[in-house]
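Below is one structure, written out as structure tokens, with a few remarks after it.
As the structure is a computational prediction, the values presented were derived from the model and not from experiment. FYI, side chains are in, hydrogens and waters are out, and symmetry mates aren't considered; it's all heavy atoms of this structure.
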There are 2 protein chains.
Amino acid sequence: MAKNRQIIIYGVALAFLIFLLKWLEMRFIIIDNQLELYAGLIAVIFTALGIWLALKLRKPKIHTVIVEKEVFASPNGDFTINQDELRKLNLSKRELEVLQLMAEGLSNQEIAEKLFVSLNTIKTHSAQIFEKMEVKRRTQAVEMAKRLSLIP
Amino acid sequence: MAKNRQIIIYGVALAFLIFLLKWLEMRFIIIDNQLELYAGLIAVIFTALGIWLALKLRKPKIHTVIVEKEVFASPNGDFTINQDELRKLNLSKRELEVLQLMAEGLSNQEIAEKLFVSLNTIKTHSAQIFEKMEVKRRTQAVEMAKRLSLIP
DNA sequence: GATAAAATCACCCTAAAGTATGACTGTAAA
DNA sequence: TTTACAGTCATACTTTAGGGTGATTTTATC
């Protein structure tokens with residue numbers, strides 16, 4: 001089959017390599033090499049057998065059936081910020097504000113414009129946020145904030 | 001680099017096998033009356049090699065079946081993915097996978113390592129995701145995904 | 001077997017994010 | 001009034017994200 005091209009190519013390459021090896025040995029070492037040829041042949045044959053076995057015994061494709069008919073409960077509209085966690089993290093008011101805007105997917109530039117401050121200020125705030133929350137990226141900060149109910 | 005990984009693996013494997021073969025030959029010279037054992041060993045090793053190769057190259061991808069049965073007003077606790085929205089966005093399985101890892105706050109590099117593919121592949125996927133979701137940034141994609149219940 | 005979609009990867013380049021450091025100001029607490 | 005801190009901003013630098021393009025290979029489907 002054409003779709004197993006890679007396997008066939010590798011198999012042929014392996015066979016070729018082994019035969020090349022044997023040929024080289026025959027060229028320079030004048031000994032009884034029948035045995036080595038025999039071994040090489042076995043190797044090639046059983047490699048092929050292994051490939052064949054694996055392909056043959058492979059599990060058939062799983063048919064995916066997606067059943068629908070779902071009824072969703074409307075998410076509770078009441079959100080209360082977790083003051084405990086907020087205090088633990090020791091985030092300032094401004095930092096929480098920046099964090100919320102981050103969670104809305106705004107860029108630092110957009111946050112800066114929204115809060116009427118400079119981009120550098122937002123960078124400083126975000127760096128502070130990441131340090132306090134012990135995360136490395138804004139996405140992690142947002143994930144954590146949602147998990148801790150610091151943000152809806 | 002990811003592009004050289006397979007080549008390195010094959011090279012090392014091949015080198016190891018040849019070395020093993022030589023070692024077996026040396027052993028055989030000493031114990032020269034066990035031809036069957038020698039041949040058998042080679043057969044087993046190379047059958048295993050063949051199976052390993054086939055499995056490695058064929059990448060037996062398991063379809064992640066998401067069967068969804070009539071859920072009545074699921075309360076807070078378990079999460080059911082919104083198949084309708086998912087179909088509307090036309091996100092592929094892989095793209096959804098990447099999106100989920102994004103939502104966990106992983107960087108593209110980390111996602112690449114987790115999924116055993118290259119960074120460029122993840123970039124391509126994420127670009128596709130942003131285009132399909134009509135967003136500009138990963139944070140927006142995550143926000144939207146959570147809002148649409150594509151992600152817990 | 002042809003075809004389409006999905007997945008993979010590369011290269012180049014720009015934009016955005018993040019790090020590190022230092023500095024200035026206003027306010028509130030000690 | 002000194003101290004501490006929040007908030008502001010800057011400059012320089014590194015890293016990560018994202019855009020655009022093109023290509024190959026798998027996989028599914030007709």
Side-chain angles (χ1 to χ4, degrees), chain A residues 1-10 55 58 60-64 89-99 101-103 105-142, chain B residues 1-7 54-64 87 89-99 101-103 105-142:
Chain A
M1 308 206 182
K3 58 180 173 180
N4 300 329
R5 214 179 317 148
Q6 246 191 317
I7 295 167
I8 293 166
I9 287 169
Y10 191 81
L55 292 179
R58 222 175 117 243
K61 285 173 283 186
I62 298 168
H63 206 304
T64 67
L89 289 174
N90 196 29
L91 286 179
S92 76
K93 215 183 303 177
R94 199 59 154 172
E95 283 158 7
L96 181 61
E97 210 174 347
V98 172
L99 184 55
L101 294 175
M102 267 185 189
L106 301 194
S107 68
N108 285 341
Q109 183 62 60
E110 289 166 343
I111 295 172
E113 283 162 13
K114 198 153 200 166
L115 299 182
F116 300 108
V117 294
S118 85
L119 173 61
N120 283 313
T121 302
I122 301 303
K123 283 189 177 186
T124 306
H125 283 318
S126 58
Q128 275 286 97
I129 292 169
F130 301 152
E131 197 181 332
K132 287 183 180 176
M133 297 181 85
E134 292 175 348
V135 297
K136 290 200 178 304
R137 280 176 291 279
R138 71 213 278 105
T139 46
Q140 286 181 345
V142 169
Chain B
M1 286 296 184
K3 62 174 175 176
N4 298 324
R5 198 179 51 227
Q6 271 196 322
I7 295 167
L55 291 179
K56 200 79 188 173
L57 291 174
R58 282 290 290 169
K59 277 188 265 181
K61 288 247 157 83
I62 303 162
H63 273 205
T64 46
R87 227 174 293 115
L89 289 175
N90 197 28
L91 287 178
S92 77
K93 213 183 319 173
R94 199 56 153 173
E95 283 157 6
L96 181 62
E97 210 172 348
V98 171
L99 183 56
L101 294 176
M102 267 184 191
L106 301 194
S107 69
N108 285 340
Q109 183 62 58
E110 289 167 340
I111 296 172
E113 282 162 15
K114 198 154 200 166
L115 298 183
F116 210 58
V117 297
S118 86
L119 173 61
N120 284 313
T121 303
I122 300 303
K123 285 188 177 185
T124 307
H125 283 318
S126 60
Q128 275 286 97
I129 292 169
F130 302 151
E131 196 180 332
K132 286 183 180 177
M133 297 181 86
E134 292 174 349
V135 296
K136 292 203 175 301
R137 281 176 290 279
R138 57 173 51 232
T139 45
Q140 287 181 346
V142 169

On DNA chain D, more 5' by nearest nucleotide between A/Leu119 and A/Lys132 is A/Lys132

In whole Å, what is the span from the CE atom of A/Met102 to the P atom of C/dA17?
-> 9 Å

Please give, in whole Å, the distance from D/dT8 P to A/Glu97 CD?
-> 8 Å

Among the nucleotides C/dA16, D/dT8, C/dG18, whichever has the atom closest to the side chain of A/Ser107 is C/dA16

Respond yes when some side-chain nitrogen or oxygen of A/Thr121 is under 4.0 Å from OP1 or OP2 of D/dC9, and no when none is.
-> yes

Under 4.0 Å between a side-chain N or O of B/Asn108 and OP1 or OP2 of D/dT16?
-> no

B/Ser118 side chain, from C-beta outward: closest of C/dA10, C/dA7, C/dA17 = C/dA10

Rounded to whole angstrom units, what separation is found between the CZ atom of A/Arg138 and the P atom of D/dG18?
-> 10 Å

Do side-chain atoms of B/Glu110 reach the backbone of B/Ser107 as a donor and acceptor pair under 3.5 angstrom?
-> yes

Answer yes or no: does a side-chain N or O of A/Thr124 lie under 4.0 Å from OP1 or OP2 of D/dG7?
-> no

Could you tell me whether the phosphate oxygens of D/dT8, OP1 or OP2, come under 4.0 Å of any side-chain nitrogen or oxygen in A/Arg94?
-> yes

Given atom NZ of A/Lys123 and atom P of C/dA20, what is their separation to the nearest angstrom?
-> 14 Å

Length of the line joining A/Phe130:CZ and C/dA17:C1', which is rounded to integer Å = 8 Å

A/Thr121 and A/Thr124: side chain donor to acceptor below 3.5 Å | no

Presence of A/Arg137 side-chain N/O under 4.0 Å of C/dA17 phosphate oxygens OP1/OP2 | no

Minimum heavy-atom separation for A/Ile129 to A/Glu95, with atom names?
-> CD1-O, 3.3 Å

Is the distance from OP1 or OP2 of D/dA17 to the nearest side-chain N or O of B/Ser126 less than 4.0 Å?
-> no

Backbone N or O of B/Asn108 within a donor-acceptor pair of the B/Lys123 side chain at under 3.5 Å?
-> no

Taking CD1 from B/Ile122 and P from D/dT15, how many angstroms apart are they, rounded to a whole number?
-> 21 Å

Please check the phosphate of D/dT8 (OP1 and OP2 only) for any side-chain N or O of A/His125 closer than 4.0 Å.
-> yes

CD1 of B/Ile111 versus C1' of C/dT8: gap in Å, rounded?
-> 16 Å

For A/Phe130, which of A/Arg138, A/Gln140, A/His125 qualifies under side-chain contact (heavy atoms from CB on, under 4.5 Å)?
-> A/Arg138

May I have the distance from A/Asn120 (atom CG) to C/dT19 (atom P), rounded to whole angstrom?
-> 14 Å

